[in-house]
Amino acid sequence: SQAAKKIKPASILEMTDANGLMRLMTAEKGEETPMEKYIKYKNDLSLWYKEMDEYGLTKEEQKVLEPYFKSSYGVPPSQEQMMKMLMDENICHFTLAEANTARKIVGKKQMSKIPELRQKVLDQAASPCLGHYVWKCGIGPQMGYSFSVIHALAYSFIGYQTMYIATNWDPIYWNTACLIVNSGSLEEDESDFDEDDEGNVVEKKERTTDYGKIAKAIGDIISRGIRVSLVDINKSNFSFQPDPDNNEILFGMKALSNVGGPIIEQILAHRPYAGIADFMARCPLNKSAMFSLIKAGAFDRLEKNAATEMGLEPRIYVMIYYISKVCEAKKRITLQNFNGLIQHDLVPEELDLQKRTFNFTKYLKANKKTGKYYVFDEVCENFYNKYFDMENLEVINGLTCILQTTWDKIYQGVMDGARDWIKDHQAEILEKYNTILFKECWDKYATGNVSSYEMEALCFYYHDHELINVKTNKYGIVDFFDLSSDPDVDYYFKRNGHDIPIYKINKIIGTVIGKNDARSSITLLTTSGVVTVKFTKEYFAMYNRQISEKQEDGTKKVMEKGWFTRGTKLLVAGFRRDDTFVAKTYKNNGFHQLYKITEVKNNGDIEIIHDRAGMGDE
């Protein structure tokens, strides 16, 4: 149909009869489709003979067409039927080469060659009526769709096999197969090796996981009432696999972020595991992989009983245990930890001199070493003169200096006060310091809740969606799937004699799970399913880019990541068109196309922003 748009209307009439080429390719509104015609003629084959009578075909001509039409009830769908028909000496007497050329023209929709083919059929047909019938009813429907018999045979075998599997095995197997294909898992699980130009086996670069595709496939399967589980460290494999015992589909580890093929092989090689501690001992992994596995619920089943005893969600229990092991907690506090104690504001005011002396010494060692001396600048002199004896200083070549050994003795004497404080408050300081170290690690890797963990690691919510409790009525938010597939027109206005529709604008909310830069679109996981959201190129670019600020040392500091990164929660205004939500607002709407949801409160309220870093505050 796209090719047909390039052809001038006059030439369309020239290349076919008055009904036009477009009717041949796809039935016009209200007109019978080839499939509908096939069903009708199969139920009453006399209608086909009546059609041929109406085209003026003689009984002899109808008899000639029977071998090519009758077996498919007057609607020949295969390319072989068309070729044989054209090659029949009593019809168009095409050569084999000419019939094959006709097949390519029709099958590949070579629009520029269709007028010539039509004329050839009419010129070589045994009669004008036969030529018009063959063109209209034999070739015309194949311009919409036709197939090769060998192609159809192969797919028929596959179709029969799939029907047999779907109806004779536990449905969980069939549903798992559908999820694997629709999520693209087969593409990602292909061989990790390839051949170079010289035939040598080389390792292939791992494909980038299409999280949007995975999330949509999972969303579709869940919407049909089929359960998809979390990762199970003792059961999950590379890809999705059926779990008939629990009537669910096990999530595949290959779809996890930060978990590649070698890591999965390592996990499989050491199974089974008794719990998180056993796993860490026998299958040591880096932090990124471990946090991804924990957030994906890989250890939930193993630690469920222990978590219940503690009154905790299994995921939180496992996360606490793991962070407590990797946050580099101290077993004993000494003066070597004094810098950390200062940074975390754990040193009391009465040790102010010790803090100042400690930092002063760090400065001397880093910047003022010259031979066996520390050479003072004005700042050093002012500090030293305020707290220490000037008789220990020397002036060399006009510069104030102090022997390093002399200063070390002074330093050790001052820091004895800090040593005594640490010794007297060892248990208290140790507990506070380790608590801070744990919290820093938690804030870096584990902020959020179980639902946000699942979005980060799995790209779907096994538990409730993070936005499930938002007060949709308060904010005018609707369910995308409740909207009509055609945009609702609010009103029209005239411009240059044309009625311009103004669409009714709705708002939806969801979590970003993927984006397509080339199409200026994002994949949004709403509380009821996966939605594609389309923006204009300019608007998409404005919110997609990362905002950085140049520092004094020339480096760039990231001020704000793009809003279309996975896990960002958004409110989008616009309208539905088919299966896409088109971001759009008008001046009189009083709100913007896009907002970032920065907080979801326990009472269902949300905090949102529109302006990006550096654009102002709203």
Side-chain angles (χ1 to χ4, degrees), residues 1-4 12 16-88 91-92 99 102-103 105-109 114 117-118 121 125 129-168 174 178 224 485-486 578-579:
S1 61
Q2 291 298 319
I12 292 180
T16 185
D17 57 25
N19 290 323
L21 174 65
M22 297 308 293
R23 290 192 185 182
L24 297 180
M25 297 182 67
T26 55
E28 289 185 346
K29 188 174 182 180
E31 189 172 298
E32 192 174 49
T33 67
M35 179 58 75
E36 291 170 336
K37 183 178 179 182
Y38 171 86
I39 294 171
K40 183 174 70 175
Y41 285 9
K42 182 179 181 181
N43 291 331
D44 185 359
L45 191 58
S46 67
L47 295 174
W48 174 52
Y49 288 99
K50 181 181 178 182
E51 177 186 71
M52 290 191 288
D53 288 337
E54 292 173 351
Y55 268 81
L57 300 185
T58 65
K59 297 301 180 184
E60 291 76 12
E61 288 173 333
Q62 294 179 22
K63 199 72 175 175
V64 169
L65 290 176
E66 281 183 350
Y68 316 111
F69 279 76
K70 192 172 182 179
S71 62
S72 52
Y73 306 100
V75 186
S78 77
Q79 296 175 350
E80 287 84 354
Q81 283 173 293
M82 185 185 75
M83 289 179 65
K84 289 179 179 180
M85 177 178 60
L86 291 175
M87 292 169 62
D88 192 312
I91 301 179
C92 290
R103 177 189 66 81
I105 292 172
V106 173
K108 296 182 182 298
K109 313 294 186 293
I114 288 178
L117 174 60
R118 176 181 180 272
V121 169
C129 290
L130 184 61
H132 278 98
Y133 184 80
V134 167
W135 177 258
K136 172 66 177 177
C137 300
I139 299 175
Q142 295 203 18
M143 290 184 186
Y145 181 74
S146 66
F147 50 83
S148 165
V149 169
I150 55 174
H151 177 94
L153 180 63
Y155 272 91
S156 295
F157 276 119
I158 294 172
Y160 183 83
Q161 290 168 340
T162 54
M163 286 189 292
Y164 182 84
I165 292 170
T167 55
N168 287 275
W174 171 255
C178 291
R224 289 160 46 196
S485 58
D486 294 321
D578 296 325
D579 292 328

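The figures that follow rest on heavy atoms only: side chains count, while hydrogens, waters and symmetry mates do not. None of the values given here were measured: they were computed from a predicted structure.
Taken to the nearest 0.5 Å, the OG1 atom of Thr58 stands 10.0 Å off from the CE atom of Met52. Atom-to-atom distance recorded for Glu54:CD and Leu47:CG is 9.5 Å, nearest 0.5 angstrom. Taking CG of Leu86 as the reference point, atom CZ of Arg103 lies at 12.0 Å (rounded to 0.5 Å). Taken from CE in Met85 to CD1 in Ile139, the straight-line distance is 5.0 Å, to the nearest 0.5 Å.
A 4.5 Å side-chain heavy-atom check between Leu57 and Leu65 finds at least one atom pair inside the cut-off. Inter-residue side-chain proximity for Trp48 and Gln62 is flagged as unmet; no heavy-atom pair is nearer than 4.5 Å. Considering only heavy atoms from C-beta on, Pro141 stays 4.5 Å or farther from Lys37 through its side chain. By the 4.5 Å heavy-atom criterion applied to side chains, Pro67 and Lys84 are not counted as neighbours. You'll find the side chain of Met82 stays beyond 4.5 Å of the side chain of Val134, heavy atoms only.
Residues Pro34 and Val75 approach most closely at O-CG1, 4.0 Å, considering heavy atoms. The two residues Lys136 and Tyr55 make their nearest non-hydrogen contact at CG-OH, 2.9 Å. Across Tyr73 and Tyr41, no two heavy atoms sit closer than the pair O-CB, 3.2 Å. Shown here for Ala125 and Cys92, the closest heavy-atom pair between the two residues is CA-SG, 4.0 Å. Of all non-hydrogen atoms in Ile91 and Tyr68, the two that sit nearest each other are CD1-CE1, 3.7 Å.
In this structure, Gln142 contributes its side chain and Pro76 its backbone to a donor-acceptor pair below 3.5 Å.
Here the options are Glu36, Lys42, Met35, the test is side-chain contact (heavy atoms from CB on, under 4.5 Å), and the partner is Ile39; only Met35 passes.
In this model, no donor atom of one side chain and acceptor atom of the other lie less than 3.5 Å apart for Glu61 and Tyr133.
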(request) Apply the test salt bridge (Lys or Arg N to Asp or Glu O under 4.0 Å) to residues Lys63 and Glu66: give CA-CA distance (whole Å), side-chain angles for both, the deciding distance (0.1 Å), then the verdict. (result) CA-CA 5 Å; Lys63 199 72 175 175; Glu66 281 183 350; 3.6 Å; yes

(request) Starting from the C-alpha separation in whole Å, work towards a yes-or-no answer on salt bridge (Lys or Arg N to Asp or Glu O under 4.0 Å) for Lys40 and Glu51. (result) CA-CA 12 Å; Lys40 183 174 70 175; Glu51 177 186 71; over 6 Å; no

(message) As a quick check of understanding, evaluate side-chain contact (heavy atoms from CB on, under 4.5 Å) for Leu117 and Trp135, giving each step before the final call.
(response) CA-CA 10 Å; Leu117 174 60; Trp135 177 258; 4.0 Å; yes

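Atom CG of Asp579 has 12 or fewer heavy atoms from other residues, nucleotides or ligands within 6.0 Å.
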Using atom types as modelled, flag every donor-acceptor pair under 3.5 Å from a side chain in residues 155-164 to any protein atom, sequence neighbours excluded.
unit_1, atom_1, unit_2, atom_2, d
Ser156, OG, Ala152, O, 2.7
Thr162, OG1, Ile158, O, 3.1
Thr162, OG1, Gly159, O, 2.8

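In this structure Ser148 satisfies the side-chain contact (heavy atoms from CB on, under 4.5 Å) test together with Gln79, Glu80, Ile150, His151, sequence neighbours excluded. Under the rule for a side-chain hydrogen bond (donor to acceptor under 3.5 Å, both in side chains), the partners of Ser46 that lie at least two apart in sequence or sit in another chain are Asp44.
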